[in-house]
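Since the structure comes first, as structure tokens, the remarks are kept for the end.
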Amino acid sequence: MSEDDEASWAVDPDDEWGMAVIATVGRQLRLRREAAGMRACDFAVAMGYGEDLVYKVEGGRRIPRPGYLKQAEQILDAGGLVAAMQEDVAKVRYPKNVRDLAKREEKAVELQLYDPLHVHGLLQTPEYARALLSMRRPAYSTEEVEQFVAARMARKAIFERDPAPELSFVLEEWSLRRPLGGTQVLHGQLRHLLRAAEFRNVEMQVMPVQQEEHASIDGGIEVMKFQDGSAVGRSAPVANGRPVCDPKQLRILELRYGIIRAQALTPRESTAFIKQLLEDT
């Protein structure tokens with residue numbers, strides 16, 4: 001991994017808001033450095049990074065990692081100005097579509113989630129997510145993998161919300177048996193599922209492979225409901241996977257989700273199943 005990768009992330013040229021934020025952050029860093037009477041080369045030495053990286057960050061061509069900003073705050077004695085930029089920078093480092101999804105999840109009071117292929121992203125451990133993303137073809141770069149993993153883990157803040165939203169997950173048995181990343185990664189993922197199932201606002205159900213009927217065999221389901229009574233849903237077979245708000249399409253998604261919950265093991269049976277699976281693998 002290069003020095004640029006270790007201290008920063010690439011900027012998505014299609015993310016207009018992100019580009020604007022990083023340009024502003026870079027400009028403020030340059031102004032603070034010049035106000036402190038430091039040349040770029042001297043600042044680079046003090047930071048422990050190359051001068052080229054300093055110019056890229058100040059020019060809005062790289063997203064500085066939290067450690068870079070924290071160190072710059074101390075060296076430039078910025079009075080909290082640099083530190084205050086960390087929240088926006090933290091948002092920019094995640095892809096725009098992930099930020100949009102996270103915003104919806106932050107406002108949702110109820111989520112109904114089914115992934116037919118893998119453990120759902122909100123339930124993944126960093127190791128499982130990294131293994132999954134590393135297997136993608138064409139391959140992501142190491143930087144992209146770490147960026148996506150960080151974004152996925154940041155969405156887990158939904159479990160810490162107060163009041164907490166109601167979260168319902170339906171997991172496929174085969175996704176719990178497939179050792180993506182190796183047996184140890186799978187063990188860690190199964191243990192994490194058991195911990196998540198202990199939350200009072202979480203209901204987790206396993207769809208057994210021997211189930212002869214399946215109402216959503218052709219695609220995943222995501223339904224988010226909000227405080228004002230509105231909702232948004234998404235499923236590959238409906239509207240080509242685009243988010244939908246139309247009541248008729250939402251009814252289809254909720255109907256399918258309700259049926260697969262009835263077809264799956266109960267939450268208590270599912271927890272016992274995962275425990276047994278952990279012991280057997």
Under 3.5 Å donor-acceptor, His120 side chain and Val170 backbone: no

Over 12 foreign heavy atoms within 6.0 Å of CD, Gln210: yes

Glu143 bridged to Arg62 by N-O distance under 4.0 Å: yes

Cationic N near anionic O, under 4.0 Å, Arg261 to Glu203: yes

Donor-acceptor contact below 3.5 Å, side chain Ser270 vs main chain Val206: yes

Arg161 and Glu106 ion-paired at < 4.0 Å: no

salt_bridge(Arg177, Glu173) N-O dist < 4.0 Å: yes

Salt bridge (charged side-chain N to carboxylate O under 4.0 Å, His left out) evaluation trace for Glu73 with Arg32: CA-CA 9 Å; Glu73 169 73 33; Arg32 293 302 306 178; over 6 Å; no

Face-on cation placement of Arg136 at Tyr140 ring, 6.0 Å and 45° thresholds: yes

Neighbour count >12 (heavy atoms, 6.0 Å) for atom CZ, Arg39: no

Heavy-atom donor-acceptor pair, Glu222 side chain to Arg234 backbone, under 3.5 Å: no

Intermediate values then yes/no, ring-ring contact (aromatic ring centres under 6.0 Å, His included), Phe159 and His192: CA-CA 13 Å; Phe159 289 96; His192 179 70; 7.4 Å; no

Verdict with reasoning, Arg155 to Glu105, per salt bridge (charged side-chain N to carboxylate O under 4.0 Å, His left out): CA-CA 8 Å; Arg155 288 169 55 204; Glu105 289 174 344; 2.7 Å; yes

Glu110 and Gln112: side chain donor to acceptor below 3.5 Å: yes

Lys/Arg N to Asp/Glu carboxylate O, Glu254 vs Lys225, below 4.0 Å: yes

Distance-only side-chain donor-acceptor flag, Tyr114 / Ser168, under 3.5 Å: no

Verdict with supporting geometry, Val25 and Gln28, side-chain contact (heavy atoms from CB on, under 4.5 Å): CA-CA 5 Å; Val25 169; Gln28 288 299 320; 5.8 Å; no

Check: Gln205 side chain, Pro267 main-chain N or O, donor-acceptor pair, under 3.5 Å: no

Side-chain (Ser216) to main-chain (Arg256) donor-acceptor, under 3.5 angstrom: no

Lys70 NZ: over 12 foreign heavy atoms closer than 6.0 Å: no

